[in-house]
Amino acid sequence: MPSCLPIKDDDATIRKALEDAHLPSLIAALVHITGDASPIRGDIKPLYDFFGDGQGSLTPEQCERTKTQASAALKAFAAGGSKMPPQPSGDVIRELMDFVAGAKIPEHYVPFLMEELALTSDDAKAGDWGNAIPTAAKKDFRVLVIGAGMSGVLAAIRLKQAGIPFTIVDKNSDVGGTWFENTYPGCRVDNPNHLYSYSFEPNYDWPQHYSTQGKLWAYFRGVADKYGIRELVKFDTEVIESVYDEARSLWTSRLRHKDGREEKIETNAIITAVGQLNRPKMPDVKGIESFKGASFHSGNWNHSVDLKGKRVAVIGTGASAFQFVPEIAPEVGRMFVFQRSAPWLGPAPDYHHDVEEGQKWLLKHVPFYAQWYRFWMFWMLTDGIYAAVQADPTWTTRLDSVSAANDFLRDVLTQYIQSQSGGDEAFFKKVVPTYPPGGKRTVRDNGVWLAALRRPNVELIVDPIAEITPRGVKTKDGKEYEVDVIIYGTGFHASRFLSPMTFKGRGGVDLHRQWDGDARAYLGITIPNFPNLFCMYGPNTNIVVNGSIIFFSECEIRYIMGCIETLLENGYVAMEPKRDIHDAFNEKIDAGNKQMAWGVPQVSSWYKNAKGRVAQNWPFPLVEYWARTRAPDPKDFEFRKAARS
Ligand code: NAP
């Protein structure tokens, strides 16, 4: 059950904290505390507005009135001993959902959102993890978890809770995955932190609304320690190859440790949790080896290179460069930013803001405030903007939008960019994207990006790069930019799923040969010919505008645990998806992606593989992934029992 710290503060402290409240969430919490639903049935009706003030456009008088009421209610609550109030009726909770969301929530979202809201449980996505399965059966089933980033730690937590033995390995020397590896200046999460956390491990002490890499890493490390996972991880250990033995229904994996020592382990199942974005991609540009100065990729930032006063070339203007360019621009001597496509900027005024002390106090002390606040963020980012990135097949008006709603969004975002261009038309033309909003990841912006590009020591180059020379970067117009350092913000080999590992499934089928550069899985998790191989953050489980990857990982691990339970409960030793189910699913995914801004032909991005297919993204509302992964449907799988000896 959710709980709160008792309120022992004086009236002034309470009143001060209320200044930092998210008011729609506060009003919902007041309904819990007082049992009186009248505040949501009066004149206050928060509005859903993605780019709005975050307070549902309440009037100043409504804001003041709410804080006064809250102050009195919290005083009475504290006087009564800060006892957690009983839950309102289901009807009132349903009313509260629409109220806080500022929108009429469709009925089919309600069970999904109720789970996210988690009013009655600290871990609403935890199952019973197969309590009915005899311990002995569990003890005989071993799992290899590959990766100890956000998904791998989560998998290990769930396996441990279920009493299923596992080995967890990571190529790095600590947990954290992307938050361990990416140490470039300015690296931070671009999803609000109170949402970008495990649902069962909220952190009411996030220092910023979008915290920096070190804080993210500390969070995942802290959770891994709390659940006793970090001590179990074999660090500096890579999986080289995993081979399935059909006769024994076992995977044999060859692990290589940092010192070159190899080890083989046998497991009944494998969970891959290796992320999509951790193999840095250098651009395919002539002369790249010839450069005489220092050069490195953003994913392998070389902190020993002193950039102070140096001439620096930055190649790429994606989400990583967007974060490090404003950080290093003031210290470098001169900077040339080479842009192939401009990013769309989504306004996030609090992008670099500290979480207000009052907000932290409310999250910790006010019953159900934290739950409603997270619910509000979840709804804002769930499917709020989803409709605006869906392509209308009849839309032919222009190529930089895909529907009337998308065109409206393009207009709003274009005005936002124009407002920061200082009246410089030539600059504005360079920095306004020429592809539809949602075609690539929209970066969360508070103005620092364009301000950095407009600095006197920074030049934005849009002429295509012809080659890298020993002295710097030469563009197609023949101009050479001499620099001391080149920083590649050129992204990752995202579509090479599970590379460079080798997986040999039933009949010795090689996974990469089966995929042939076009990775596919059923629900992004299971693959025909590869029994008991389960992927987390696998093909088509990335998201562009809605939700957080943690949400997907939590859905995936619940499904995977359901698969393991199904095996053990029924005495099966292996399962793999039926080919026709897998193929039909992927056809549906492909049709869905073609109707999204990132799937239209005029957009190219890391979401598309070399064959032009969107192999990364989930094209549907989150509720569909949630519904489909709550439990495996046995009809989707081929199961095998152990061969009799
Ligand atoms: P990216 O989004 O793939 O950006 C790569 C950039 O390099 C793009 O601007 C690309 O241009 C450019 N580029 C690539 N090859 C080039 C070439 N040969 N010549 C010139 N330019 C070239 O990579 P990223 O910035 O590392 O981000 C990858 C993903 O990681 C993001 O989409 C996001 O999902 C995630 N990420 C998240 C965060 C966060 O949460 N805070 C931060 C960083 C990254 P084109 O666009 O024209 O291809």
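Throughout, residue positions are numbered sequentially from 1 according to the sequence presented. Start at 1 and go down the list; that is how both ligands and their atoms are numbered.
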Asks: Of the side chain and backbone of V189, name the one, both, or neither that has a heavy atom under 4.0 Å from an atom of ligand 1.
Replies: backbone
Asks: What is the nearest protein non-hydrogen atom to atom 26 (O) of ligand 1, stated with its residue, atom name and distance?
Replies: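 Protein heavy atom at minimum distance: S320 OG, 2.7 Å.
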Asks: Which pair of non-hydrogen atoms, one from S211 and one from L216, has the smallest distance, and what is that distance?
Replies: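 For S211 and L216, the tightest heavy-atom pair comes out as O-CD2, 3.3 Å.
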Asks: Which residue and non-hydrogen atom of the protein lie closest to atom 47 (O) of ligand 1, and at what distance in Å?
Replies: S341 OG, 2.4 Å
Asks: Would one find more than 12 heavy atoms of other residues, nucleotides or ligands at under 6.0 Å from atom NZ of K281?
Replies: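 Not more than 12 within 6.0 Å, no.
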Asks: Select one of side chain, backbone, both or neither to describe which atoms of F492 lie under 4.0 Å from any atom of ligand 1, heavy atoms only.
Replies: side chain
Asks: Quick one: look up the protein heavy atom nearest atom 4 (O) of ligand 1 and list residue, atom name and how far away it is.
Replies: G318 CA, 3.5 Å
Asks: Does CZ belonging to R496 count more than 12 external heavy atoms closer than 6.0 Å?
Replies: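 No, CZ of R496 has 12 or fewer neighbouring heavy atoms, counting only those of other groups under 6.0 Å.
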Asks: Mind checking the CZ-NZ spacing from F336 to K479? Nearest 0.5 Å is all I need.
Replies: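 Reported value, rounded in 0.5 Å steps: 7.5 Å.
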Asks: In this structure, is the centre-to-centre distance between the rings of F180 and F220 below 6.0 Å?
Replies: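 That pair fails the under 6.0 Å test.
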Asks: Taking atom 7 (O) of ligand 1 as the point of reference, which of G299, A342, G489 owns the nearest heavy atom?
Replies: G489
Asks: With respect to Y625, which candidate in Y559, F112, W618 satisfies the ring-ring contact (aromatic ring centres under 6.0 Å, His included) definition?
Replies: W618
Asks: Take every heavy atom of Y184, measure it against each atom of ligand 1, and state whether any distance is under 4.0 Å.
Replies: yes
Asks: Taking distance alone, with no angle check, do R441 and ligand 1 share an N/O pair under 3.5 Å?
Replies: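 No - when backbone and side-chain N and O of R441 are compared with those of ligand 1, no distance drops under 3.5 Å.
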Asks: Just heavy atoms, cut-off under 4.0 Å: does D190 contact ligand 1 by side chain, backbone, both, or neither?
Replies: both
Asks: Can a non-hydrogen atom of K440 be found less than 4.0 Å from any atom of ligand 1?
Replies: yes
Asks: Would you kindly check if the NZ (Lys) or CZ (Arg) of R158 is within the cone defined by 45 degrees around the ring axis of F200 and under 6.0 Å from the six-membered ring centre?
Replies: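 Checked: cation-pi criterion met.
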Asks: Within the structure, is a non-hydrogen atom of F338 found at a distance of less than 4.0 Å from ligand 1?
Replies: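 No, F338 has no heavy atom closer than 4.0 Å to ligand 1.
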Asks: Relative to W217, does R221 satisfy both conditions: NZ or CZ under 6.0 angstrom from the six-membered ring centre, and within 45 degrees of the ring's axis?
Replies: yes
Asks: Check each heavy atom of Q323 against ligand 1 and say whether those closer than 4.0 Å belong to the side chain, the backbone, both or neither.
Replies: side chain
Asks: Of all the non-hydrogen atoms in the protein, which one sits nearest to atom 32 (O) of ligand 1, and at what distance?
Replies: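 That would be W606 NE1, 3.0 Å.
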Asks: Just need the protein heavy atom nearest to atom 33 (C) of ligand 1, so name the residue and atom and give the distance.
Replies: A319 CB, 4.1 Å
Asks: Run the salt bridge (Lys or Arg N to Asp or Glu O under 4.0 Å) test on K308 and E331 for me, step by step, so that the C-alpha distance in whole Å, both residues' side-chain angles and the decisive distance to 0.1 Å come before the verdict.
Replies: CA-CA 5 Å; K308 207 159 169 212; E331 74 173 286; over 6 Å; no
Asks: With only distance considered, is Y607 within less than 3.5 Å of ligand 1 through an N or O on each side?
Replies: no
Asks: Check whether more than 12 heavy atoms from other residues, nucleotides or ligands sit under 6.0 Å from atom NZ of K594, and answer yes or no.
Replies: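 Atom NZ in K594 is not packed in, count stays at 12 or less.
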Asks: Name the closest protein heavy atom to atom 12 (C) of ligand 1, giving the residue it belongs to and the distance to 0.1 Å.
Replies: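 In this structure, atom 12 (C) of ligand 1 has G316 CA, 3.6 Å as its nearest protein heavy atom.
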Asks: Give the residue, atom name and distance (to 0.1 Å) of the protein heavy atom nearest atom 9 (O) of ligand 1.
Replies: T317 N, 2.9 Å
Asks: State which residue, out of P283, S298, S320, fulfils the side chain to side chain contact (heavy atoms under 4.5 Å, CB included) condition with T490.
Replies: P283
Asks: Need the ligand 1 atom indices (1-based, order shown) with element for anything under 4.0 Å from a heavy-atom of R188.
Replies: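 In order of number, 39 (C), 40 (O), 41 (N).
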Asks: Would K588 pass as a cation-pi partner of F620, given that its NZ or CZ must be under 6.0 Å from the six-membered ring centre and within 45 degrees of the axis?
Replies: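 Judged by the rule (NZ or CZ under 6.0 Å from the ring centre, within 45° of its axis), K588 counts as positioned above F620.
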Asks: Does any part of the side chain of S341, heavy atoms only, come nearer than 4.5 Å to the side chain of Y435, both counted from C-beta?
Replies: yes
Asks: Do any nitrogen or oxygen atoms of L277 come within less than 3.5 Å of a nitrogen or oxygen of ligand 1?
Replies: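 No: no nitrogen or oxygen of L277 is under 3.5 Å from one in ligand 1.
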Asks: Considering only heavy atoms of P283, which atoms of ligand 1 have at least one such atom less than 4.0 Å away?
Replies: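 Those atoms are 17 (C), 18 (N).
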Asks: For ligand 1, is S298 a contact, meaning one of its heavy atoms is under 4.0 Å away?
Replies: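 So S298 does not count as touching ligand 1.
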Asks: Among protein heavy atoms, which sits nearest to atom 15 (N) of ligand 1, and what does the distance come to when rounded to 0.1 Å?
Replies: R340 NH2, 3.5 Å
